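Quick caveat: nothing in here was measured; it's all calculated off a predicted structure. Residue numbers run from 1 in the order of the sequence given.
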Amino acid sequence: MRLDPERCQERMAAARVAHLATTGRDASPHLVPITFALDSAAGRALLVTAVDRKPKSTFALRRLRNIVENPKVAVLCDLYDEDWTRLWWVRADGRAAVATGGPDRDAALAVLCAKYPQYRSDPPGGPVIMVTVTAWSGWAFTG
């Protein structure tokens, strides 16, 4: 069954992990798992994620370069279960921007810290990705 935008937002907001899809100038897809939060306080759906302190080979991440080259992104979260009547997925399409400092980054970090206790004692130190959601789509086996 197709999910309306409100149900999509509810399911995504409750999800703990999602996948961020980006492409750069070369149009090669790049997909990475992310922790994220939805911030609806500004009267629009804003999805935020950050480059945190988990081990990475570099902080010059491809997802950041891709967003500079092409801000169109998609974020997907889903639930898989052996009981297929519980299956669902939600996708948020939007335009991303990267913030390395300032009040937008600070507000995004506050939303992330509210969702993930792990960030409260060790907030992400890297850039923040802010996705203004322009379209929602989703499906669930049952409503």
Side-chain angles (χ1 to χ4, degrees), residues 1-25 27-56 59-143:
M1 121 182 216
R2 189 175 185 178
L3 298 175
D4 63 38
E6 184 177 307
R7 285 233 171 125
C8 288
Q9 287 184 58
E10 289 169 1
R11 287 182 186 239
M12 187 168 276
R16 302 301 288 168
V17 66
H19 293 84
L20 172 68
T22 64
T23 59
R25 279 190 205 106
S28 295
H30 183 66
L31 185 66
V32 294
I34 59 168
T35 54
F36 71 97
L38 282 179
D39 182 3
S40 305
R44 62 178 184 196
L46 185 68
L47 186 145
V48 297
T49 184
V51 177
D52 57 28
R53 300 184 203 286
K54 291 190 292 289
K56 295 167 182 55
F59 284 107
L61 301 174
R62 182 171 171 192
R63 70 190 92 157
L64 300 174
R65 289 191 312 272
N66 283 353
I67 288 168
V68 169
E69 294 173 7
N70 178 9
K72 294 179 184 178
V73 301
V75 178
L76 177 76
C77 63
D78 66 300
L79 175 73
Y80 178 81
D81 193 284
E82 294 299 328
D83 174 357
W84 286 5
T85 64
R86 298 186 62 200
L87 302 179
W88 62 264
W89 62 264
V90 170
R91 190 179 82 213
D93 296 326
R95 296 189 63 81
V98 177
T100 56
D104 288 341
R105 182 180 179 280
D106 294 344
L109 289 176
V111 174
L112 284 166
C113 289
K115 182 173 181 178
Y116 297 99
Q118 300 90 329
Y119 285 156
R120 292 180 195 145
S121 62
D122 190 20
V128 168
I129 298 170
M130 299 175 297
V131 180
T132 301
V133 179
T134 57
W136 292 98
S137 55
W139 173 90
F141 189 95
T142 60

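- To the nearest 0.5 Å, the span separating CG on L112 from CZ on R105 amounts to 10.0 Å.
- Contact of the K115 side chain with the F36 side chain is registered, since non-hydrogen atoms from C-beta on lie closer than 4.5 Å.
- Minimum interatomic distance between D81 and D83 (heavy atoms only, all atoms of both residues): OD1-N, 2.7 Å.
- In terms of modelled atom types and a separation under 3.5 Å, the side chain of T100 and the main chain of P127 share no donor-acceptor contact.
- Taking the side chain as every heavy atom from C-beta outward, V128 and D106 never approach each other to under 4.5 Å.
- Taking a 6.0 Å sphere around CZ of R86, one finds it holds 12 or fewer heavy atoms contributed by other residues, nucleotides or ligands.
- For the pair L47 and M12, the minimum side-chain heavy-atom distance is below 4.5 Å.
- The shortest non-hydrogen separation linking C113 to Y119 is SG-O, 3.5 Å.
- Scanning all heavy atoms of the two residues, the minimum distance from M1 to T142 falls at SD-C, 3.9 Å.
- Summarising the geometry of V17 relative to C77, their closest heavy-atom pair is O-CB, 3.6 Å, with the distance given to 0.1 Å.
- The structure places OG1 of T22 at 6.0 Å from CD1 of I67, a figure rounded to the nearest 0.5 Å.
- Between atom CG of residue L46 and atom CG of residue D104 there is a gap of 8.5 Å, rounded to the nearest 0.5 Å.
- Scanning for salt bridge (Lys or Arg N to Asp or Glu O under 4.0 Å) contacts around R91 gives D93, with sequence neighbours left out.
- Between the SG atom of C8 and the CH2 atom of W139 there is a distance of 12.5 Å, given to the nearest 0.5 Å.
- In this structure, CZ on F141 lies 13.0 Å from CG on L79, to the nearest 0.5 angstrom.
- Residues passing the side chain to side chain contact (heavy atoms under 4.5 Å, CB included) test with V68, sequence neighbours excluded: none.
- Although no hydrogens or angles enter the test, the distance criterion places a donor-acceptor pair under 3.5 Å between the side chain of R120 and the main chain of A114.
- The shortest non-hydrogen separation linking T23 to P29 is CG2-CA, 3.8 Å.
- Within the structure, salt bridge (charged side-chain N to carboxylate O under 4.0 Å, His left out) contacts touching residues 64-78 (residues at least two apart or in different chains) are R25-E69.
- Between Y80 and L87, some side-chain heavy-atom pair lies under the 4.5 Å cut-off.
- Atom CG in D52 sits 5.5 Å away from atom OG1 in T35 (nearest 0.5 Å).
- Scanning both residues, W88 and A15, for their nearest heavy atoms gives CH2-CB, 4.5 Å.
- The backbone N or O of R16 sits less than 3.5 Å from a side-chain atom of Y116, completing a donor-acceptor pair.
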